**Student:** 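My questions all concern the structure below.
Side-chain atoms are counted along with the backbone in the values below, which use heavy atoms only and exclude waters and symmetry mates. From a predicted model like this one, the values you see are computed outputs, not experimental measurements. One-based numbering, in listed order, for ligands and for the atoms of each.
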Amino acid sequence: MKNTFYVTTPIYYVNAEPHIGHAYTTIVADALTKFKRQRGMDAFFLTGTDEHGINIERKAEERGLPVKQHVDEIVDKFKAAFARLNIGYDRWIRTTDTAHEEAVQKLWKIIEEKGYIYKGHYEGWFCGNCNEFKDVEAGDENPVCAIHLKPLDRIAEESYFFKLSAFANPLLELYEKHPDFVQPEARRNEVISFVASGLKDLSVSRVSVKWGIPVPGDEKHTIYVWLDALSNYITALGWGNQHFDGFDKYWASDDGNGQIGKALHLVGKDILRFHAVYWPAFLLAAGVELPKTVFVHGMLLKGGQKMGKTRGNAIALNVLHEHFSNDMIRYFLLREVPFGQDGEVTYEALIERINADLANGLGNLASRTLTMVRNYFDGVPPRIFDAEAQDAKGVREAVEQAKLKFAEEFDAMNFSRALEAAWAGIASVDKYITDNQPWKLAKDESARAQLEKVIAVAYEALRHTVLLVAPVLPQTTGEIWKQMGLASEPLQLNPNETKWGETLEIAKVENVSPAFPKLNKEKIMSEIEQSSQESAVSSQQSATETTAKAESTSDAVADKTINEATSQTADAAKQAPVAVSEKIVIDDFIKVELRAATILEAERVPKSDKLLRLIVDVGEEQPRQILAGIAEYYTPEEVIGRKIVIVANLAPRKMRGFESNGMLLAASVGEEGRPVLATFGEDVPNGTRLK
Ligand code: MSP
């Protein structure tokens, strides 16, 4: 029987569209699966969607849709995005699958029967976005989630509790005995110190959330979303239900020790605690084997901030696809950001990396080698291969070294270093070619034997390299392979079983085309800029139409936080257009008092990345104060003296201790919703009304 390998991604919330952050973990899981399979393992790759909870319920309500319809639509978008990225998962779990729901109820019953669940009363604060109870400073009446910047919900209700406190010692023993359980080391230490500081029991049911799995035997409660979601890793394999018999094969340990199984969970550091503390505690309570490793990666950043829905700053997948192939995206994500660390991601870096490593490195090696095979040997690769010959030996050893190092680093999840090693191999082959100057040998009939040898070595080194990097570049390596005249597919061939100079059936090399044409940085950057401006114009139009609707929905009510100052237009732009019946009449519009104003003073609001405090002259007796969420894009100096448009009759609102009297208008440009202040082309006195 083959060795098995089981890798999972987090299951993604269906409250936002997929973006590069979701793609990141999923691409890593896909590359790992391909790597293991290529090396003979029976690999299983699970991904899916996390579909219950208050936030999903609210999102559906905001869209005016039945919850099931809302989740189905977003699931389709995730599936389409991953299909577009050519992700080869084996199973897509949905927490709304009946088999999953039944298995979660079974898990609950087991934990309850073992005495680790009891009924009580919960009072406290909850973030629907994190799905987490939050500790709040005493006296804070309107606490906001530090991550999502949205108001927390006050919860005071009957609740079931999980005896998490009973698992502090078993968990500490686990981290001690199995240092690989949480990786990398820094995350392991973080978890150890969190658990060592003591664990409180965890509220694991909610009466006020309807969109969830009912607690067996007490159906007015629904099961806490994280207990529901984490269980997906076993229910998808058929634990607790009969629909699939993968549990013993992929989850359970080989040695039958009953404690540590085989699963590898890939997760972002944002959900470390759930995976490294709650999940093993639930499993220990139920007497189910634990996963082998929770591997924690860092965040993709923009301007030092996590890319994502909250900040609306994530690189959109459709923009990426317009300019870059899947393999380019995969290579960049695995090579640029060391797995485990945070990393800044920009289009410029992406283009530079592709040009340097793919167009110049691998792409160039492939096309120069194959062009010489075609031109000097009529397309038939020479196979007079003497691996022990002095000059060939150096290249062979360098490529073999690259193979070893690549595999070692890949197994250790150091993808960036693995690729670095493979590219060191490419550099030695390039050097070998340059040193031997085959183009000169080709002109000298008496050097024919030497030319054959050089090209044979280059071709063979290319063959090994292409196989090696196939899990990261599945499509292009397949194309190069074909151009090389080789049979089968790189992903079907194990690099460890590939011998130098072995006898092969090779078709003629005929069509040689560059695997990675060089990208024109200026052109792509200006196209990206232009398309983001175009989408800003259309968002602005649809935002004007939809603001009224957004205001009337519950999430808009919940959204009235710091973001309000600018992002209403950005959020509204992403929603479906308003139905005709919801259009407003002129009398409604007239209620909104838009006036010209000048910014007299501006400063940053302490402890806020987003807010500027502005003093503006609206032609009234006294200037007034307005808070604007533009600090990530405008410095105070830049805006002083600017003529702007404000909503003058908005009810005052307090943010971060300051009262805001009105709201300024800004276009919301591009995917990230960059604010651009609305202004006039001609001089307009302060206080002039816009109609
Ligand atoms: N539904 C939970 C997970 C439940 S797992 C039992 C959840 N979903 S999520 O949609 O918010 O996805 C979070 C995961 O998406 C992160 O842990 C990470 O894997 C990925 N990422 C989302 N944004 C990211 C970045 N900006 N950078 C890197 N990964 C990111 O949490």
**Student:** Have a look at ligand 1 and work out which part of Ile20, if any, has a heavy atom under 4.0 Å from it: side chain, backbone, both or neither.
**Tutor:**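 None of Ile20 does.
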
**Student:** Do you see a donor-acceptor pair shorter than 3.5 Å between the side chains of Thr293 and Gln183?
**Tutor:**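 Absent: no donor and acceptor within the cut-off.
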
**Student:** Does Gly298 come within less than 4.0 Å of ligand 1, judged by its heavy atoms?
**Tutor:**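 Gly298: in contact with ligand 1 (<4.0 Å).
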
**Student:** Is Phe274 touching ligand 1 with its side chain, its backbone, both, or neither, if touching means heavy atoms under 4.0 Å apart?
**Tutor:**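 Neither; nothing of Phe274 gets under 4.0 Å from ligand 1.
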
**Student:** Can you say whether the rings of His265 and Trp251 are parallel (under 30°), tilted (30 to 60°) or perpendicular (over 60°)?
**Tutor:**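 Aromatic pair His265/Trp251 classed tilted.
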
**Student:** With a cutoff of 4.0 Å, is His297 in contact with ligand 1, counting heavy atoms of the residue only?
**Tutor:**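 Yes, His297 has heavy atoms under 4.0 Å from ligand 1.
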
**Student:** Which residue in the set Tyr224, Trp226, Phe194 passes ring pair (Phe, Tyr, Trp, His ring centres under 6.0 Å) when paired with Phe274?
**Tutor:**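 Option passing the ring pair (Phe, Tyr, Trp, His ring centres under 6.0 Å) with Phe274: Trp226.
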
**Student:** For ligand 1, which atoms, with element, lie under 4.0 Å from some heavy atom of Asp50?
**Tutor:**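 Those qualifying, in numeric order: 1 (N), 2 (C), 4 (C).
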
**Student:** What part of Leu300 sits under 4.0 Å from ligand 1 if we count only heavy atoms: the side chain, the backbone, both or neither?
**Tutor:**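 Both backbone and side chain.
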
**Student:** Charged N to carboxylate O below 4.0 Å: is that the case for Lys249 and Asp42?
**Tutor:**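 A salt bridge is present here (some side-chain N lies under 4.0 Å from a carboxylate O).
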
**Student:** Indicate, with yes or no, if the rings of His100 and Trp92 have centres closer together than 6.0 Å.
**Tutor:**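 Centroid separation for His100 and Trp92: 6.0 Å or greater.
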
**Student:** Could you see which bit of Tyr24 sits under 4.0 Å from ligand 1, with heavy atoms only: side chain, backbone, both or neither?
**Tutor:**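 For Tyr24, only side-chain atoms sit under 4.0 Å from ligand 1.
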
**Student:** Of all the atoms in ligand 1, which lie at a distance below 4.0 Å from a heavy atom belonging to His22?
**Tutor:**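 Matching atoms, with element in brackets: 10 (O), 15 (O).
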
**Student:** Report yes or no: does His275 have a heavy atom closer than 4.0 Å to ligand 1?
**Tutor:**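 Distance cut 4.0 Å: His275 passes for ligand 1.
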
**Student:** Determine, considering heavy atoms only, which of Val267, Asp342, Asp270 sits nearest to atom 17 (O) of ligand 1.
**Tutor:**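 Ranked by closest heavy atom to atom 17 (O) of ligand 1, first place is Asp270.
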
**Student:** Purely on distance, is any nitrogen or oxygen of Met307 under 3.5 Å from one on ligand 1?
**Tutor:**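 Such a contact does occur with ligand 1.
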
**Student:** What I'd like to find out is whether the side chain of Arg63 reaches to under 4.5 Å of the side chain of Glu73, using heavy atoms alone.
**Tutor:**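 Yes, at least one pair of side-chain atoms sits under 4.5 Å.
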
**Student:** For ligand 1, which is the ligand I care about here, please tell me if Tyr13 has any N or O atom under 3.5 Å from one of the ligand's N or O atoms.
**Tutor:**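 Between Tyr13 and ligand 1 (N or O atoms, distance only) the closest approach is under 3.5 Å.
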
**Student:** Do Phe5 and Phe44 have their ring centres less than 6.0 Å from each other?
**Tutor:**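 No, ring centres 6.0 Å or more apart.
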
**Student:** Are any of the side-chain nitrogens in Arg273 or Glu132 under 4.0 Å away from the carboxylate oxygens of its partner?
**Tutor:**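 Counted as a salt bridge, because a side-chain N and a carboxylate O are separated by less than 4.0 Å.
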
**Student:** Does Trp279 have a non-hydrogen atom less than 4.0 Å from ligand 1?
**Tutor:**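 False for this residue.
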
**Student:** Would you mind listing which atoms of ligand 1 come within a distance below 4.0 Å of any non-hydrogen atom of Ala229?
**Tutor:**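 Matching atoms, with element in brackets: 6 (C).
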
**Student:** Specify whether His275 and Tyr233 have parallel, tilted or perpendicular ring planes, treating 30° as the upper limit for parallel and 60° as the lower limit for perpendicular.
**Tutor:**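 Tilted, since the angle between the ring planes falls between 30° and 60°.
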
